[in-house]
Amino acid sequence: MKKAKIILDRDYQVGQVDPRLFGSFIEHLGRAVYGGVYEPGHPRADEEGFRGDVLEKVRELNVPVVRYPGGNFVSGFRWEDSVGKNRPRRLDLAWDTTETNQFGLHEFCHWAKKAGTQPMYAVNLGTRGPEAAREIVEYANHPGGTALSDARIANGEKNPFGIKLWCLGNEMDGPWQIGAKTAYEYGRTANEAAKLMKWVDPSIELVACGSSAYDMPTFGTWEMTMLEECYSNIDYVSLHRYYGNPTGDTPGFLARAMDMDAFIKTVVSICDAIRGKKHEKKRLNLSFDEWNVWYHSNGQDSEIRKNQKWGQALPLLEDVYNFEDALLVGTMLNTLLRNADRVKVACMAQLVNVIAPIMTRNGGGCWAQTIFYPFAQASKYGRGTSLQVLTQSPVYDCRDYEGVPFIDASAVLGEQGEVTLFVVNRDMEEDCLLELDLRAFGELKPGEHWVLHHSDTRAVNTESDPFQVAPVLTEAPVPQGGRVEVPVPALSWNVVRFQ
Ligand code: AHR
């Protein structure tokens, strides 16, 4: 058995965890909306057509914020189509499908309320611009007495929706994006949209598009150029990152959070460099508003898009997640928590059916995928203050990285003084005896230890076998003199808690 050690101290803190670190994302894409959150006629649908079984699972994940309506979809979207009685059907050029607009802004805000979450709304800076952006802020957030706010009232919503967090477009550097822009074009447009949106409602916060990925050729230059134009009027820079394991290289795949960490640190450096250059007081934070595993469905999606072009609510991006995906998600959550001083918003992409922790069958059941569990546990126990984790772990090398620690961890001090560690053992072969040095916390009661493990890295959850991969409670670790040894199985996600 390998050995590793973690030392924690309540005074060595990363920073306060913003609850919005456990956000998610719903796009008008595939069956995320239609057949996902919304399915009138389903036996579990409520009077507004929202699936009750999905709402239950979303509440279990406890997501404080949900980004909507896209994604690539938003860059060709007219928000006016999604409110009122006249809902035109439109071609969605982002996903080669037909959008009915049956579910729109009002429905989303109602659903969000029932789900116990807050909307994070993206405006279209692809085919549209500052004017449409300011108009939707006025429609959604202005109390009344203007044509737009009165239209909201006439459409049944007397009180403003009060949407606080807004995205200035989506992945505007990507050639696949409808209305993609150069960094300068985007920076200018984002700045003007931001100014107008904040003039309408000064209480809102705005996220500007960073590069759509760390390995975009324009990464870095994009951030610097667009921030030169819009730094003063925005609050966050977005990051997006998806990983896959198409070659079946599990050690290499499980090391990918190292890329995520480097990505975050590089964007932080760029934001701070521009801040210095511009003599700005305000410090920008990050919104990691798309992250997950995404690759399983790629082949199937090409077929669907080719053979069923302009179909409705097609089963796109329906990745079926396996056990090793849950482990990578665990290390991604650890990475977000270890960077909680600067990453204030993060959205697992997405929430239902589309690269999602929650799956449904039209007219049928709803179940949790493997990745549901690390997310649910981190969201439940990861609120409080992120602590610095001093990890002494044996390491391994793989194709893209040297010195990957077998033990990957984050730790959070809760408001009642409880200490929670999230630990992934990346080792394919050996268990690890993990020594925790918690002397700085004084006397601790026996803890709680949840383990997510499966002997098959390819194991999945399905509608008929939904708990193949699910966490189990194991023997309670008993601290003595502030130290405790916790056995951490090979290839496992662990939640270790002390009061
Ligand atoms: O989440 C799926 C897609 O991934 C989003 O629409 C886009 O923003 C990203 O490329």
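Counting convention: from 1, in listed order, for ligands and their atoms alike. As the structure is a computational prediction, the values presented were derived from the model and not from experiment.
Residue Trp294 touches ligand 1 through its side chain alone, judged by heavy-atom distances below 4.0 Å. If you look at Asn170 next to ligand 1, the close heavy atoms, those under 4.0 Å, all belong to the side chain. Contact annotation: for Val354 versus ligand 1, there are no heavy atoms closer than 4.0 Å.
At the top of the distance list for atom 10 (O) of ligand 1, counting protein heavy atoms only, stands Glu171 OE1, 2.7 Å.
Gln350 and Glu27 share a donor-acceptor pair across their side chains, judged by distance under 3.5 Å alone.
For Tyr243 and Tyr295, the ring centers sit 6.0 Å or farther from each other. Aromatic ring centres of Phe103 and Trp111 lie farther apart than the 6.0 Å criterion allows.
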Practice prompt. Would you sort out whether Lys198 and Asp235 count as a side chain to side chain contact (heavy atoms under 4.5 Å, CB included), showing the intermediate values?
Written response: CA-CA 11 Å; Lys198 284 190 171 173; Asp235 305 283; 2.9 Å; yes

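Heavy-atom proximity to Gly71, at under 4.0 Å, picks out these atoms of ligand 1: 5 (C), 6 (O), 8 (O). For ligand 1, the atoms closer than 4.0 angstrom to any heavy atom of Phe25 are 1 (O). Applying the 4.0 Å criterion to heavy atoms of Trp95 picks out, from ligand 1, the atoms 3 (C), 6 (O).
The nearest pair of heavy atoms linking Arg89 to Thr100 is NH1-CG2, 3.8 Å.
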